[in-house]
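Below is one structure, written out as structure tokens; comments come after it.
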Amino acid sequence: MLVLTRKAGESVCIGNDIRVRVVSFSRGSVRLAIDAPSEVAVHREEVLERIAEENRMAAQASGEAAEALRGLDRGLEEDR
Amino acid sequence: MTAEPIRIEHRVLGEIRASEDEVLEFPGLPGFSQARRFVVREHDRESAFGWLVSLDVPDLAFPVTDPQLFVPDYAPKIEPHHLRAVEQREGDAMKLLVIARVSEGTVDLNLAAPLLIDLRSRRGLQVILEKGDYAARTRVIGADARSSPEGEASADEPSKGEDPRSSRSPRGRGAKAKSSRPPSARPK
């Protein structure tokens with residue numbers, strides 16, 4: 001892993017079209033400005049991780065889900 | 001179509017056949033960056049649920065549904081860059097699905113990260129909504145089914161251990177289902 005030191009106002013470039021600039025920092029927080037092409041997804045890690053976790057849980061439960069859905073569908077059919 | 005049909009065997013869903021023109025391409029999903037090619041299959045002819053089945057990762061499938069069936073006024077903010085990512089052009093038919101967590105008697109929808117699909121380009125994207133309008137786990141069926149932030153959710157499926165015959169179609173109700181629990185699902 002590459003570790004760099006930057007001052008406020010300085011930037012790091014990633015590839016040809018991504019630039020991350022340190023805007024300011026205070027009391028343990030750093031404010032970043034990110035310039036990236038729109039097709040590059042930029043997310044806070046914890047937001048992305050939350051979605052990844054939900055995806056994993058939904059996929060893991062697919063066996064149980066198939067079983068439960070059969071129950072729901074039987075119910076739907078008899079409603080008709 | 002002359003292309004060879006795709007055929008995979010899924011541990012839970014059994015044999016899945018698909019033709020190339022049914023394949024949806026995603027840039028991976030969070031937690032599953034290697035899963036890029038999918039097909040959507042109905043769970044059953046009349047089911048409100050379907051499956052987003054990975055053609056790349058063995059035995060990977062996500063239960064999916066149309067969020068509007070459960071949360072009629074669900075309106076996530078889709079940004080122009082999301083549309084560009086799925087190569088949307090004017091007039092394209094679009095589809096919005098959400099991943100569901102389904103267990104016996106409960107269903108939770110991930111309304112914070114809907115699946116945006118362009119049916120012409122066959123490109124899809126799991127959109128991660130930046131504004132916290134919708135929860136990643138919104139209970140829409142079962143005990144504790146709560147209303148969405150917009151105040152709409154139906155809660156008419158049986159809770160754990162109930163006879164599935166007491167369930168109803170999610171289309172059937174909705175408007176006044178705020179915190180309701182059907183009589184059949186009341187704890188004894």
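Atoms OG and CZ, from A:Ser62 and B:Arg11 in turn, are 5.0 Å apart once rounded to the nearest 0.5 Å. Rounded to the nearest 0.5 angstrom, B:Ser103 OG and A:Glu67 CD are separated by 12.5 Å. The distance from atom NE2 of A:His43 to atom CD1 of B:Ile128, rounded to the nearest 0.5 Å, is 4.0 Å. Taking CD of A:Gln60 as the start and CZ of B:Phe62 as the end, the distance is 10.5 Å to the nearest 0.5 Å.
Between A:Ala58 and B:Ile99, the shortest heavy-atom contact is CB-CG2, 3.4 Å. Residues A:Ile51 and B:Ala112 share a closest heavy-atom pair of CD1-CB, 4.3 Å.
In the hydrophobic cluster analysis, where Ile, Leu, Val, Met, Phe, Trp and Tyr join through side-chain heavy atoms closer than 4.5 angstrom, B:Val140 is grouped together with B:Trp51. Linking Ile, Leu, Val, Met, Phe, Trp and Tyr residues whenever their side-chain heavy atoms come within less than 4.5 Å places A:Leu69 and B:Val107 in a single cluster. Linking Ile, Leu, Val, Met, Phe, Trp and Tyr residues whenever their side-chain heavy atoms come within less than 4.5 Å places B:Val12 and B:Ile8 in a single cluster. Under a hydrophobic-cluster definition in which Ile, Leu, Val, Met, Phe, Trp and Tyr are linked whenever side-chain heavy atoms come within less than 4.5 Å, directly or via other members, B:Leu125 and B:Val98 are assigned to the same cluster. Side-chain heavy atoms closer than 4.5 Å link hydrophobic residues (I, L, V, M, F, W, Y) into clusters, and following such links, even through other members, never connects B:Leu119 to B:Val39.
Interface remark: of the candidates B:Gln126, B:Glu130, B:Arg101, B:Arg101 forms the most heavy-atom pairs closer than 4.5 Å to chain A.
Both the backbone and the side chain of A:Arg56 come within contact range of chain B, with heavy atoms under 4.5 Å apart. Neither the backbone nor the side chain of B:Ala85 comes within contact range of chain A; no heavy atom of the residue lies under 4.5 Å from a heavy atom of that chain. In this structure, chain B has no heavy atom under 4.5 Å from any part of A:Val40.
Residues of residues 18-37 of chain A placed with any heavy atom under 4.5 Å of a heavy atom in chain B are absent; none qualify. Annotation: residues 22-32 of chain B contacts chain A through B:Leu29, B:Pro30, B:Gly31, B:Phe32 [non-hydrogen atoms, separation under 4.5 Å].
Annotation: B:Glu9, atom CD; neighbour count of heavy atoms from other residues, nucleotides and ligands within 6.0 Å is above 12. A 6.0 Å sphere centred on CG of A:Asn16 holds no more than 12 heavy atoms belonging to other residues, nucleotides or ligands.
Contact check for B:Arg137 versus A:Glu53: no side-chain heavy atoms found under the 4.5 Å cut-off.
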